[in-house]
Amino acid sequence: MPKAKIIGSGFYVPEKIVTNADLEKMVETTNEWIVSRSGIRERRVTDEKTLTSELAFRAAQNALKSAKVNVDYIELILVATTSPDSLFPSVACILQDKLGAKDIPAFDVSAACAGFNFALAAASAFIESGQYNNILVVGADTLTKHLDWTDRGTCVLFGDGAGAMVLSASNDNDGILASHLGAEGEGGKFLIMPTKGCITMEGKEVFKFAVRALEKSVIEVLNKAGLTLNDLDLLIPHQANIRIIDHVAKKFGLPSEKIFVNLDKYGNTSAASIPIAFNEAMSAGRIKKGDVVVLAGFGAGLTYGANVIRF
Ligand code: UT7
């Protein structure tokens, strides 16, 4: 059975930086509170005209360039997003048109901050089954367009961005080794973005879920691949809150060189957070040939999902 191998990746974030000092002027908060409670120092924010599909397009172009393939190579486009330009057409279809990809299927995956891992698991299953060989997977969100900028409990946490990967069928022993996905619909009320209106969150409830879900998904996905924590070279968790990551690192006894963190620069970019972090981990030389890397996300739904990859 072929495996899904990452042959290229890219990301894109908007230029505008909003710092904690900027937020101090907008709501009753302090840089000290935001840094100590979340680890976030700044985030990128789109202008009004720039929609999710534009970020997805730029990240996809960068991924195709890094994979050294042109768009005709792609047989399927999956976009993980919960902040689409419109309810329909999907971001994936808008992206297909922007890229000039003809006659290939394209659809969105809605699993909030866990969305990229859901899309990656779907892509891996399509490749293993032989249905498609070359798939573009994108995680893109502009949650800042859906924030109540007077609610200090949410507006300090999120940022915009997009990340993308090109996956191809490979008969080498590397690529996505296993995926593990889950959902707890009964917790949906803790984190909601209505079709009209802004995001509301019960932070403490989501925090408890996040720690539990991250822990569980990492262990389960490693188990599924016949591996243990001792085999793990790098964990790339969803970048929501440094305290969630620290809890899990402590529980697992993982040293900081085995965990990638960049939430200080981007905040929580939802479905984009893991592919952006993956790109920065690659550029920083944190992933070497043969390494075992786990990508693990959690978010609204409530949803959680992880993929384990050998490079
Ligand atoms: O992507 C997946 C989903 N998201 C998450 O994973 C987020 C999970 N939750 C969290 O990260 C944390 O719960 C937060 C960072 C959102 C909040 O941290 P917390 O330690 O759980 O704080 P809290 O909500 O219990 O609030 C503590 C206090 C409250 O004041 P009182 O009621 O104790 O007087 C809040 O009103 O902090 C206050 N507070 C703030 N103060 C200054 C809430 N937001 C702010 C703020 N600045 N921005």
Side-chain angles (χ1 to χ4, degrees), residues 18-43 80-83 109-119 139-144 146-163 181-185 187-193 198-218 236-249 261-264 266-277 295-306:
V18 174
T19 64
N20 292 348
D22 296 327
L23 290 169
E24 282 178 353
K25 293 178 203 131
M26 295 161 66
V27 285
E28 207 183 317
T29 192
T30 58
N31 175 53
E32 198 282 326
W33 191 95
I34 302 171
V35 173
S36 65
R37 304 313 292 161
S38 74
I40 300 165
R41 292 181 183 275
E42 57 186 47
R43 67 287 292 143
T81 187
T82 37
S83 47
V109 173
S110 171
C113 301
F116 190 78
N117 274 294
F118 276 66
D141 267 310
T142 53
L143 289 193
T144 68
H146 304 273
L147 291 173
D148 172 356
W149 287 98
T150 66
D151 174 15
R152 66 179 183 173
T154 52
C155 77
V156 303
L157 301 174
F158 297 95
D160 300 332
L181 305 176
E184 295 182 7
K189 59 182 180 289
F190 297 135
L191 183 47
I192 299 179
M193 185 163 96
C198 298
I199 294 171
T200 58
M201 178 169 74
E202 288 188 36
K204 278 214 183 325
E205 292 300 332
V206 179
F207 192 99
K208 281 188 271 177
F209 158 75
V211 170
R212 182 165 48 80
L214 184 56
E215 226 180 276
K216 179 176 152 139
S217 61
V218 172
I236 304 183
H238 172 47
Q239 306 286 309
N241 187 322
I242 192 66
R243 290 188 295 132
I244 295 171
I245 297 173
D246 285 348
H247 261 270
V248 174
V261 175
N262 66 354
L263 58 84
D264 50 319
Y266 303 117
N268 179 347
T269 56
S270 189
S273 101
I274 287 175
I276 292 174
L295 313 181
F298 49 84
L302 300 167
T303 52
Y304 56 93

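For the single chain, residues carry numbers from 1 onward in sequence order. Keep in mind that what you see is a predicted model, and the values were worked out from it rather than measured. Every number for a ligand or one of its atoms is a count from 1 in the order of the listing.
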Test of ring centre spacing under 6.0 Å for His247 and Phe207: yes
Verify atom 31 (P) of ligand 1: protein non-hydrogen atom under 4.0 angstrom away: no
Protein non-hydrogen atom found under 4.0 Å from atom 18 (O) of ligand 1: yes
salt_bridge(Glu184, Arg212) N-O dist < 4.0 Å: yes
Which residue and heavy atom of the protein sit nearest atom 29 (C) of ligand 1, plus the separation: Arg152 NH2, 4.7 Å
Atom indices of ligand 1 within 4.0 angstrom of Ile244 heavy atoms, with elements: 6 (O)
Residues which pass side-chain contact (heavy atoms from CB on, under 4.5 Å) with Ser38, listed by chain and number, not counting sequence neighbours: Ile34, Ile40, Leu157, Asn241
Atom 39 (N) of ligand 1: nearest protein contact (heavy atom, Å): Trp33 CZ2, 3.4 Å
Numbered atoms of ligand 1 (with element) below 4.0 Å of Leu191, judged on heavy atoms: 3 (C)
Interfacing atoms of ligand 1 (cut-off 4.0 Å, heavy-atom, Val156): 48 (N)
Shortest protein contact, atom 5 (C) of ligand 1 (heavy atom only): Val206 CG1, 3.6 Å
Per-atom contact, atom 24 (O) of ligand 1, protein heavy atoms, under 4.0 angstrom: no
Numbered atoms and elements of ligand 1 in range of Phe298, under 4.0 angstrom, heavy atoms: 2 (C), 6 (O)
Distance-only donor-acceptor check, side chains Asp141 and Ser270, under 3.5 Å: yes
Set of residues satisfying side chain to side chain donor-acceptor pair (under 3.5 Å) with respect to Asn20, sequence neighbours excluded: Asn31, Arg43
Atom 37 (O) of ligand 1 protein-contacted (non-hydrogen atom, under 4.0 angstrom): yes
Subset of ligand 1 atoms that lie under 4.0 Å from at least one heavy atom of Cys113: 1 (O), 2 (C)
Min N/O separation Arg37 to ligand 1 under 3.5 Å: yes
Taking atom 11 (O) of ligand 1 as the reference point, the nearest protein heavy atom with its distance: Asn241 ND2, 2.7 Å
Ligand-side contact atoms (ligand 1) for residue partner Gly203, heavy atom cut-off under 4.0 Å: 8 (C), 9 (N), 13 (O)
Shortest protein heavy-atom distance from atom 21 (O) of ligand 1, along with the residue and atom involved: Lys204 NZ, 3.3 Å
Atom indices of ligand 1, in the order listed, that fall short of 4.0 Å to a heavy atom of Gly153: 44 (N)
Atom 1 (O) of ligand 1: the protein heavy-atom neighbour that sits closest, reported with distance to 0.1 Å: Asn268 ND2, 2.7 Å
Ligand-side contact atoms (ligand 1) for residue partner Met201, heavy atom cut-off under 4.0 Å: 4 (N), 7 (C), 16 (C)
